[in-house]
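What follows is a short report on a single structure.
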Number of protein chains: 2
Amino acid sequence: MWFRVDPRLPTPVYQQVVDGIKEAVAKGLLKPRDRLPAVRELAMLMMLNHNTVAKAYQELERERVIEVIRGRGTYVAAPSLLANRSERIVKMSETIKQLCVEAYYLQMTEDDLLTLFQDLMNEWKREKGRNNT
Amino acid sequence: MWFRVDPRLPTPVYQQVVDGIKEAVAKGLLKPRDRLPAVRELAMLMMLNHNTVAKAYQELERERVIEVIRGRGTYVAAPSLLANRSERIVKMSETIKQLCVEAYYLQMTEDDLLTLFQDLMNEWKREKGRNNT
DNA sequence: CTTGGTGTACTAGTACGAATAGTACACCAA
DNA sequence: TTGGTGTACTATTCGTACTAGTACACCAAG
């Protein structure tokens, strides 16, 4: 499977499934038109209840990450422009501000933070590149 | 006050108090040795129960953001090196990776993301500078 | 038309955390 | 002693996550 879930973590299990699949798609591990496992099948693999997986799939469909065709299955959606784009950018900005706050308490300078950011982004690009040849 | 809380948001109220105070300290709005309001006083101002504020103060003390002196009050702590530093950097890295994922769905390039990051960091530095003259 | 595999929609129940409310207590300075 | 502090405890309400089980609607293939 493309990700792991851990019921002991504070983040809800269904959210971990959502995040895991979103990350796999963004990385290119899953490509548009790829088929995802059935809710009961993925639930079996991950030792979860099928309702938990179904909740994750519904959230992913709401975010237009996947497309559901009743009676056929679920598929990775083609990239599309999102209606709530600006709203989501505001949330990203909030997250970045929190990173600045956290850096303060770790006694990192702004340059330290920028370097960390660039390093991780390059690592991300490399990972993505490996799946997009 | 240095921040706001909104019970309608999904993030717990006590966590909003924690984040708000941490941000005010990081920005220089609150400086080491500054005194914070008493739990019941802040609870009154924010329309919260005093137990909620107490929980926030306990969390802040655990993170060494403030110092509590029983019978006297709570004060902003002097900056100190934290024991769980590396653990917290791992969490920051996780957050940054999630930003990369989110950027993918917003059809932002890596350069777009880096620019956003730099812009917000500069804004943060400006805000901080205003309080540290 | 039937079958089997899909996602979906319910209900019921358990568990946990957040938050409020109220009370009592321990500490310390004036 | 007094008054202000943080702390500890119980009880209660509320919402969410999760499991479990069942039933249903849809669609392709036989």
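Labels below follow one simple rule: chain letters A, B, ... track the order of the sequence lines, proteins then strands, and each chain is numbered from 1.
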Output row for DNA chain C, stems defined as at least 3 consecutive Watson-Crick or G-U pairs under 3.5 Å, is C:1-30 with D:1-30

Between C1' on dA21(C) and CE on Met44(B), what's the gap in Å once rounded to a whole number? 14 Å

N-O pairing of Glu102(B) and Arg88(A) below 4.0 Å: yes

Side-chain donor-acceptor pair present, Asn131(A), Glu127(A), cut-off under 3.5 Å: no

Are the side chains of Val101(A) and Trp124(B) in touch, meaning some heavy atoms are under 4.5 Å apart? yes

For the pair Lys97(B) and Glu23(A), find out whether any cationic side-chain nitrogen is under 4.0 Å from an anionic carboxylate oxygen. yes

Should the pair Arg62(B)-Glu59(B) be classified as a salt bridge under the 4.0 Å nitrogen-to-oxygen rule? yes

Just the rounded figure in Å: distance from P of dA19(C) to CG of Leu42(B). 14 Å

Do Glu110(A) and Lys128(B) sit within salt-bridge range, that is, some charged N less than 4.0 Å from a carboxylate O? yes

Output for pair (Leu114(B) CG, Asp119(B) CG), nearest 0.5 Å, gives 9.5 Å

A correct 5'-to-3' footprint of nucleotides 4-16 of chain C, with B, S and - meaning base, sugar-phosphate only and no protein heavy atom under 4.0 Å, is -BBBBBB------

What's touching nucleotides 13-17 of chain D from the protein side, N or O pairs under 3.5 Å?
from, atom 1, to, atom 2, distance (Å)
dA17(D), OP1, Tyr14(A), OH, 3.2
dA17(D), OP2, Lys55(A), NZ, 2.8

